[in-house]
*Asks:* 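What follows is a single structure, and I will ask about it in a moment.
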Amino acid sequence: MHRALLPGLTSMILLAGPATAADAPPGASSCTGCHASKKVSDSVIPRIAGRKAPDIVTLMSDYRSGAWPSSVMGRIAKGFDDRQTEAIAAWFAAQPE
Amino acid sequence: MATRRHFLKISAAAGLAPAVVSAQGKARVVVIGGGFGGATAARTLKALQPALDVTLVEPSPVYTSCPFSNSVLANLREIDQQQFRYDGIKAAGVTIAETSATAVDAEAKTVALADGNRLAYDRLVMSPGIDFNWGALPGYDEAAAEKMPHAWKAGAQTVLLRRQLQAMDDGGLVVLSAPANPFRCPPGPYERASLIAYWLKIWKPKSKLLLLDSKDAFSKQRLFQNGWAELYPGMIEWVPLSQGGKVTAVDPATLTLTTEFASHKASVANVIPPQKAGAIAAQAGVADRTGWCPVEPVAFESTLRPNIHVLGDAAIMGGMPKSAFAANAQAKVCASAIVKLLAGEKPQDPILINTCYSLVAADYGISIAGVYRPDKGRLTDIPGAGGTSPLEAVGGLRGQEALYASSWFRTIAAETFG
Ligand SMILES: Cc1cc2nc3c(=O)[nH]c(=O)nc-3n(C[C@H](O)[C@H](O)[C@H](O)COP(=O)(O)OP(=O)(O)OC[C@H]3O[C@@H](n4cnc5c(N)ncnc54)[C@H](O)[C@@H]3O)c2cc1C
């Protein structure tokens, strides 16, 4: 739908265009402060873009409960409920690996 | 939902119908300041909505990062490893105006530039960082900072402080003074004390560090103090406010710092002065009497002037600290909210994360994290989330967090500058 924008249509797009990337669920854009959106050399922090959504959800719930030990992720996972976590997981799963 | 109401009120006051199309047919966003907040905002705006006309105003062709600059003091890094250029931002389609913003006209929605040009905007993003309250500490002014560096804006000041430390005789006294809240990077003075002690212990082990504080408590306090006792016993003395830690005057000629109780003559003095939002914020009318900028918690639009969003250190962000991680996270939320607003849509309530690592030694890291959401008109900590590293470290936790710290820095630099 967004292909071939005519200059005259720009304003319409601005008025009406669903800005998909802008619709990342609450919290998702903060994750990339550590989990790089594009590959970064020499980082020991794993990327999450392109990971399977159920895997992210399981890991987050294990971080939250403490079933899976972590340095910082347990503290962060506790800020999100199941529904919010699922939305973030689905969003990252849909991002290019 | 005070948040929404407030938000709608501002938007209505600004006559914000979805009529954002300029004469050229492109909505224009101007971003002032190419640091962690501004550079991220500019790049993200363009990535989310390529049709936007985005201009980043930043006088310096090279950004020198404060995060990890304490490692430069300890000789663990060089200053050029702290430096980033704007090529990645340019490549993303952002126009760079390599000059300062000198005046914002919130009525006319224009920004005057030092090079004589004037930019019109539909939305303005300001992330000018901090300036120092030069008047607030008697004796401390720009000239004094050449003798008693602050090194709280990284670059020449960082190099100057490192040179002074290296020139000091073994057995010297390093005095560091930390300001009252709020200020840039709450754990920063204590990471700095740690890494200076780390370096002194190796190269000038008879030396001492005196930390004069205008506060009685500080970020990650017990973790820092445990680390100091374990790694640098007897080397760091912290004097809190209640024991006369507040520095009331300095004398750059004799490197003397005066507190309510005593005078301390330093071999090297690092004065971190009281701070306020970058000066352009007050000029634009977005700073309040505290010197900082109040914003609503969804799009970070100023509560004082419509169509101006303030990010990062300059803004009052409720529970969020003034950190590069926070500025980057806020910028991404703000960019997506601006895209919505320009499309005449309502931005969603955000959730933001902050994580700040500090090094107590090269291979000893600690962290503090928080998760925030809008509540009653301000960004508020989500209860039960966040907090600091455990006081008892099992396994190689401190070493692991030190590795995470440097990985975070590489990532945030790439996320910000491309
Ligand atoms: C020693 C130290 C260590 C730190 N360590 C960490 C850390 O480990 N982790 C962390 O998250 N944070 C850390 N910080 C904090 C971090 O540096 C700041 O929070 C961050 O830089 C804030 O970003 P900002 O965009 O608000 O401001 P800045 O990054 O300061 O950017 C502001 C930019 O605006 C420009 N500017 C100002 N006025 C104008 C104008 N009128 N016109 C045009 N441009 C203008 C400036 O040139 C500058 O480039 C540290 C800070 C210090 C001092």
Side-chain angles (χ1 to χ4, degrees), chain A residues 2-3 5-49 60 63-64 66 69-81 83-85 87-88 91, chain B residues 18-21 25-27 44 47-52 325 328-329 332-333 335-337 339-340 342-345 347-355 357 365 367-373 381-382 384-389 394-395 397 400-401 403-404 406-408 410-415:
Chain A
H2 280 201
R3 287 173 302 124
L5 293 185
L6 299 173
L9 287 181
T10 307
S11 60
M12 275 183 57
I13 297 297
L14 285 180
L15 297 178
T20 38
D23 288 337
S29 63
S30 284
C31 303
T32 51
C34 287
H35 301 279
S37 50
K38 296 207 186 78
K39 272 208 184 68
V40 172
S41 62
D42 254 347
S43 172
V44 300
I45 304 173
R47 294 182 60 240
I48 50 179
M60 285 290 277
Y63 282 140
R64 202 187 310 152
S70 65
S71 61
V72 74
M73 279 311 299
R75 290 177 260 158
I76 291 169
K78 288 189 183 109
F80 297 88
D81 64 23
R83 199 178 39 80
Q84 292 164 333
T85 306
I88 292 171
W91 192 78
Chain B
V20 291
V21 186
K26 271 188 167 191
T44 309
L48 294 178
Q49 183 46 281
L52 284 179
F325 191 111
N328 173 267
K332 290 184 278 197
V333 165
S336 90
V339 168
K340 290 270 178 191
L342 291 173
E345 293 168 27
Q348 64 182 348
D349 273 14
I351 301 178
L352 292 98
I353 304 171
N354 179 64
T355 303
Y357 289 99
S367 64
I368 185 165
V371 188
Y372 308 86
R373 63 161 181 235
D381 271 277
I382 293 179
T388 58
S389 313
V394 291
L397 181 65
Q400 189 187 30
E401 291 217 285
L403 271 178
Y404 285 159
S406 54
S407 295
W408 165 78
R410 283 193 197 91
T411 302
I412 207 78
E415 288 288 310

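Basis for what follows: all heavy atoms, side chains included, without hydrogens, waters or symmetry-related copies. Each chain gets a letter, A, B and so on, in the order its sequence line appears, and its residues count up from 1.
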*Asks:* Provide the closest heavy-atom pair for A:Gln84 versus B:Ile351 in the form atom of the first, atom of the second, distance.
*Replies:* NE2-CD1, 3.5 Å
*Asks:* Considering only heavy atoms and a distance below 4.5 Å, find which of B:Ser389, B:Gly370, B:Pro50 pairs most often with chain A.
*Replies:* B:Ser389
*Asks:* Check whether B:Ala369 gets within reach of chain A through its side chain, its backbone, both or neither, counting any heavy atom under 4.5 Å.
*Replies:* both
*Asks:* Using every non-hydrogen atom in the two residues, find where A:Ser29 and B:Val333 come nearest and quote the distance to one decimal.
*Replies:* OG-CG2, 3.9 Å
*Asks:* Non-hydrogen atoms of chain A under 4.5 Å away: do they reach the side chain of B:Thr355, the backbone, both or neither?
*Replies:* side chain
*Asks:* Could you tell me which of A:His35, A:Lys78, A:Arg64 has the largest number of non-hydrogen atom pairs under 4.5 Å with chain B?
*Replies:* A:Lys78
*Asks:* Can you name the closest pair of heavy atoms from B:Leu397 and A:Ser71 and give their distance?
*Replies:* CD1-CB, 3.7 Å
*Asks:* Do the side chain of A:Ser30 and the main chain of B:Ala329 share a donor and acceptor less than 3.5 angstrom apart?
*Replies:* no
*Asks:* For the residue pair A:Arg75 and B:Thr388, what are the closest heavy atoms and their distance?
*Replies:* NH1-C, 3.2 Å
*Asks:* Search all heavy atoms of A:Thr32 against all heavy atoms of B:Lys332 and return the closest pair with its distance.
*Replies:* OG1-NZ, 2.7 Å
*Asks:* What heavy-atom pair brings A:Cys34 and B:Phe325 nearest, and what distance separates the two atoms?
*Replies:* SG-CE1, 3.7 Å
*Asks:* Please confirm whether the backbone N or O of A:Asp42 pairs with a side-chain atom of B:Arg410, one donor and one acceptor, at under 3.5 Å?
*Replies:* yes
*Asks:* Give a yes or no on whether the backbone of A:Pro25 and the side-chain of B:Gln348 come within a donor-acceptor separation of less than 3.5 Å.
*Replies:* no
*Asks:* Answer with side chain, backbone, both or neither: which region of B:Tyr404 has an atom nearer than 4.5 Å to a non-hydrogen atom of chain A?
*Replies:* both
